[in-house]
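Labels below follow one simple rule: chain letters A, B, ... track the order of the sequence lines, proteins then strands, and each chain is numbered from 1.
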Amino acid sequence: GAGVSQTPSNKVTEKGKYVELRCDPISGHTALYWYRQSLGQGPEFLIYFQGTGAADDSGLPNDRFFAVRPEGSVSTLKIQRTERGDSAVYLCASSSVGTATDTQYFGPGTRLTVL
Amino acid sequence: AQSVTQLGSHVSVSEGALVLLRCNYSSSVPPYLFWYVQYPNQGLQLLLKYTSAATLVKGINGFEAEFKKSETSFHLTKPSAHMSDAAEYFCAVTSYTGRRALTFGSGTRLQVQP
């Protein structure tokens with residue numbers, strides 16, 4: 001079946017602009033995660049959804065970052081007033097029920113470049 | 001708090017040689033441990049995971065890892081490297097009472113020389 005998909009694959013924007021990154025999880029998966037991967041680093045957790053609600057948003061770096069999952073499926077990560085330091089690959093993952101032992105399936109990522 | 005440390009950001013082996021990628025964890029509660037692989041221009045793919053059943057875990061593509069509580073380690077091994085194993089490998093941890101999301105190490109890039 002279809003895996004996790006993310007759009008766009010690449011996004012170039014200017015400092016101060018607003019961007020939205022989209023994630024389509026595997027159908028039926030209730031848990032959805034956002035991570036950020038900087039060059040040469042492992043992915044860092046941003047936010048975790050269980051259904052429609054954010055169960056853990058402790059990884060969001062500041063209030064410029066926000067994410068929604070209104071119908072419990074597709075999620076959008078929103079970044080306001082982008083800064084050059086926001087440049088990274090943004091990864092989305094989904095898992096079946098969201099337990100700690102669940103396998104998380106990752107999308108290919110969105111590469112964000114802030115000029 | 002949970003964390004993982006991967007010793008060696010780059011590892012180079014010859015084709016047919018043993019692969020050993022090191023991962024040590026820190027966790028105040030019993031951990032669950034994962035190894036993911038990232039091929040160039042592809043998403044992260046699960047190799048194997050330890051979820052408190054057998055301490056020796058076998059994964060895909062001939063990889064295996066052993067959970068050693070006394071050493072707080074979960075090293076990844078493969079008896080004989082193939083050229084197709086060249087990739088970046090990430091160790092990660094979660095726990096039942098901690099964060100559901102994965103906490104990743106900084107990764108180890110494996111090169112396989114012909």
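Cluster annotation: A/Val4 and A/Phe106 are assigned to distinct hydrophobic clusters (Ile/Leu/Val/Met/Phe/Trp/Tyr, side-chain heavy-atom contacts under 4.5 Å, transitive). Connection of B/Leu56 to B/Leu18 is not established within any shared hydrophobic cluster, with ILVMFWY side chains joined at heavy-atom distances below 4.5 Å, either directly or through further cluster members. Connection of A/Val89 to A/Phe45 is established within a shared hydrophobic cluster, with ILVMFWY side chains joined at heavy-atom distances below 4.5 Å, either directly or through further cluster members. Note on B/Val19 and B/Ile60: same hydrophobic cluster, where clusters join Ile, Leu, Val, Met, Phe, Trp and Tyr whose side-chain heavy atoms are under 4.5 Å apart, directly or indirectly. The same ILVMFWY cluster, assembled from side-chain heavy atoms under 4.5 Å apart, contains both B/Leu76 and B/Phe74.
Proximity to chain B (any heavy atom under 4.5 Å) is shown, for A/Ile47, by neither the backbone nor the side chain. Contacts of B/Leu46 with chain A are made by side-chain atoms alone, with heavy-atom separations under 4.5 Å and no backbone atom involved. For B/Leu102, the parts lying under 4.5 angstrom from a heavy atom of chain A are both the backbone and the side chain.
With a 6.0 Å radius and a threshold of 12 heavy atoms from other residues, nucleotides or ligands, A/Leu39 has its CG atom at or below the threshold. In this structure, A/Phe66 places its CZ atom where only 12 or fewer heavy-atom neighbours from other residues, nucleotides or ligands lie under 6.0 Å away.
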Between chain B and chain A, are any donor-acceptor pairs under 3.5 Å, and how far apart is each one to 0.1 Å?
residue  : atom : partner  : partner atom : Å
B/Tyr36  : OH   : A/Gln104 : N            : 3.3
B/Tyr36  : OH   : A/Gln104 : O            : 2.9
B/Gln38  : OE1  : A/Gln37  : NE2          : 3.4
B/Gln38  : NE2  : A/Gln37  : OE1          : 3.4
B/Lys49  : NZ   : A/Thr101 : O            : 2.7
B/Lys49  : NZ   : A/Thr103 : OG1          : 2.9
B/Thr94  : OG1  : A/Ala100 : O            : 2.8
B/Arg99  : NH2  : A/Ser58  : OG           : 2.8
B/Arg100 : NE   : A/Gly98  : O            : 3.4
B/Leu102 : N    : A/Tyr35  : OH           : 2.9

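Counting heavy atoms from C-beta outward, B/Leu44 and A/Pro43 have side chains that approach closer than 4.5 Å.
The candidate from A/Gly42, A/Gly109, A/Ala100 with the greatest count of non-hydrogen atom pairs under 4.5 Å with chain B is A/Ala100.
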